[in-house]
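This report concerns only the one structure given below.
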Amino acid sequence: MNWRSEHIWIELITGSRKTSNFFWACILFLGSLGFLIVGTSSYLGRDLISVFSFPYQQISFFPQGIVMSFYGIAGLFISSYLWCTILWNVGSGYDRFDRKEGIVCIFRWGFPGKNRRIFLRFLMSEIQSIRMEVKEGLYTRRVLYMEVRDQGTIPLTRTDENLIPREIEQKAAELAYFLRVPIEVF
């Protein structure tokens with residue numbers, strides 16, 4: 001949901017609470033739990049899940065059971081990391097451009113700690129340009145940046161946001177017109 005008027009433009013940024021992250025966190029959790037159960041079954045020498053009638057006798061603990069247990073534990077760690085980023089909604093926030101007061105505010109949520117809240121505030125007169133980075137090929141990348149004096153480039157869109165060229169050009173043109181700055185293409 002975005003909101004725009006004559007003097008204020010507010011754009012909400014979605015973070016890590018995306019459908020694909022939920023999907024991969026579930027798949028990773030269930031898969032790694034399966035690996036850990038198979039490795040533990042081979043160590044104990046009995047079937048821990050009788051529903052699947054797993055032939056635990058065919059897998060010896062050394063080396064297959066150890067490797068499966070390792071993969072299960074590693075997968076659980078990665079899955080818990082992914083669930084934590086979803087829970088904390090890392091990367092979400094908003095961009096607020098206020099032409100009336102001449103102030104730009106960029107807010108993002110980060111990982112817990114002293115820098116959990118990322119808040120940038122500067123004057124519109126410090127904005128030099130809107131920069132569009134377009135890389136085509138196997139790993140297509142289209143990102144919108146804002147070039148700010150003494151701050152460098154600040155990304156305005158997610159790097160994994162797959163905008164078609166027309167959408168990112170239109171977004172860059174509208175924002176550059178609203179801020180009254182030029183557009184650079186890289």
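Start at 1 with the first residue, then count along the sequence. These numbers come from the heavy atoms of this one structure, side chains and all, not from hydrogens, waters or symmetry mates.
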| request: Give the intermediate values and the outcome of side-chain contact (heavy atoms from CB on, under 4.5 Å) for residues Asp95 and Arg108. | output: CA-CA 9 Å; Asp95 299 335; Arg108 299 287 188 276; 2.8 Å; yes

Indicate yes or no: at least one non-hydrogen side-chain atom of [X] is less than 4.5 angstrom from one of [Y].
{"X": "Trp88", "Y": "Trp83", "result": "no"}
{"X": "Arg99", "Y": "Arg180", "result": "yes"}
{"X": "Leu175", "Y": "Trp9", "result": "yes"}
{"X": "Glu174", "Y": "Gln170", "result": "yes"}
{"X": "Ser129", "Y": "Ile183", "result": "no"}

| message | Is the distance from the ring center of Phe107 to that of Trp109 below 6.0 Å? | response |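 Yes, they do, as the ring centres are separated by less than 6.0 Å.
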
Atom [atom1] of residue position [X] - does it have more than 12 heavy atoms of other residues, nucleotides or ligands inside 6.0 Å?
{"X": "Tyr71", "atom1": "OH", "result": "no"}
{"X": "Tyr94", "atom1": "OH", "result": "yes"}
{"X": "Phe119", "atom1": "CZ", "result": "yes"}
{"X": "Phe35", "atom1": "CZ", "result": "no"}
{"X": "Phe70", "atom1": "CZ", "result": "no"}

Could you give the distance from [atom1] ([X]) to [atom2] ([Y]), rounded to the nearest 0.5 Å?
{"X": "Arg142", "Y": "Glu136", "atom1": "CZ", "atom2": "CD", "value": "4.0 Å"}
{"X": "Arg96", "Y": "Ile106", "atom1": "CZ", "atom2": "CD1", "value": "12.5 Å"}
{"X": "Glu6", "Y": "Lys100", "atom1": "CD", "atom2": "NZ", "value": "9.0 Å"}
{"X": "Leu82", "Y": "Phe29", "atom1": "CG", "atom2": "CZ", "value": "12.5 Å"}
{"X": "Met132", "Y": "Thr157", "atom1": "CE", "atom2": "OG1", "value": "10.5 Å"}
{"X": "Ile37", "Y": "Ser32", "atom1": "CD1", "atom2": "OG", "value": "9.5 Å"}

How close do [X] and [Y] get, counting heavy atoms only, and between which atoms?
{"X": "Met124", "Y": "Ile103", "value": "CG-N, 4.1 Å"}
{"X": "Ile73", "Y": "Leu36", "value": "CG1-CD1, 3.8 Å"}
{"X": "Ser42", "Y": "Phe61", "value": "OG-CD1, 3.7 Å"}
{"X": "Ser60", "Y": "Gln64", "value": "OG-OE1, 2.8 Å"}
{"X": "Thr40", "Y": "Ser69", "value": "N-OG, 4.0 Å"}

| query | Quick one: does Arg17's side chain have a donor or acceptor within less than 3.5 Å of a partner on Leu87's backbone? | reply |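 Between the backbone of Leu87 and the side chain of Arg17 there is a qualifying donor-acceptor contact (under 3.5 Å).
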
| said: If we ignore hydrogens and angles and just use 3.5 Å, is the side chain of Thr153 paired with the main-chain N or O of Tyr145 as donor and acceptor? | reply: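 No, the answer is negative, given that no donor and acceptor are paired below the 3.5 Å cut-off.
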
| How far apart are the C-alpha atoms of Gln151 and Met146, what are their side-chain angles, what is the distance that settles it, and do they pass the side-chain contact (heavy atoms from CB on, under 4.5 Å) test? | CA-CA 10 Å; Gln151 299 256 349; Met146 184 169 40; over 6 Å; no

| said: Can you tell me how the ring of Phe111 sits relative to the ring of Tyr81, calling it parallel under 30°, perpendicular over 60° and tilted otherwise? | reply: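 Because their plane-to-plane angle is under 30°, the rings of Phe111 and Tyr81 count as parallel.
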
Applying the 4.5 Å side-chain criterion to the ILVMFWY set and letting contacts propagate, would [X] and [Y] be lumped into a single cluster?
{"X": "Phe122", "Y": "Phe178", "result": "yes"}
{"X": "Val148", "Y": "Val185", "result": "yes"}
{"X": "Val90", "Y": "Ile154", "result": "no"}
{"X": "Leu156", "Y": "Ile10", "result": "no"}
{"X": "Ile127", "Y": "Leu120", "result": "yes"}

| request: Salt-bridge test for Arg131 and Glu133: reply yes if a basic N is under 4.0 Å from a carboxylate O, no otherwise. | output: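 So Arg131 does not pair with Glu133 through a salt bridge.
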
| message | Salt bridge check, Arg149 against Glu126: does any charged N sit closer than 4.0 Å to a carboxylate O? | response |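 Looking at Arg149 together with Glu126, the answer is no, because their closest N to O distance does not fall below 4.0 Å.
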
| request: Go through Trp3 and Leu12 one step at a time and tell me if the side-chain contact (heavy atoms from CB on, under 4.5 Å) criterion holds. | output: CA-CA 8 Å; Trp3 187 77; Leu12 299 177; over 6 Å; no

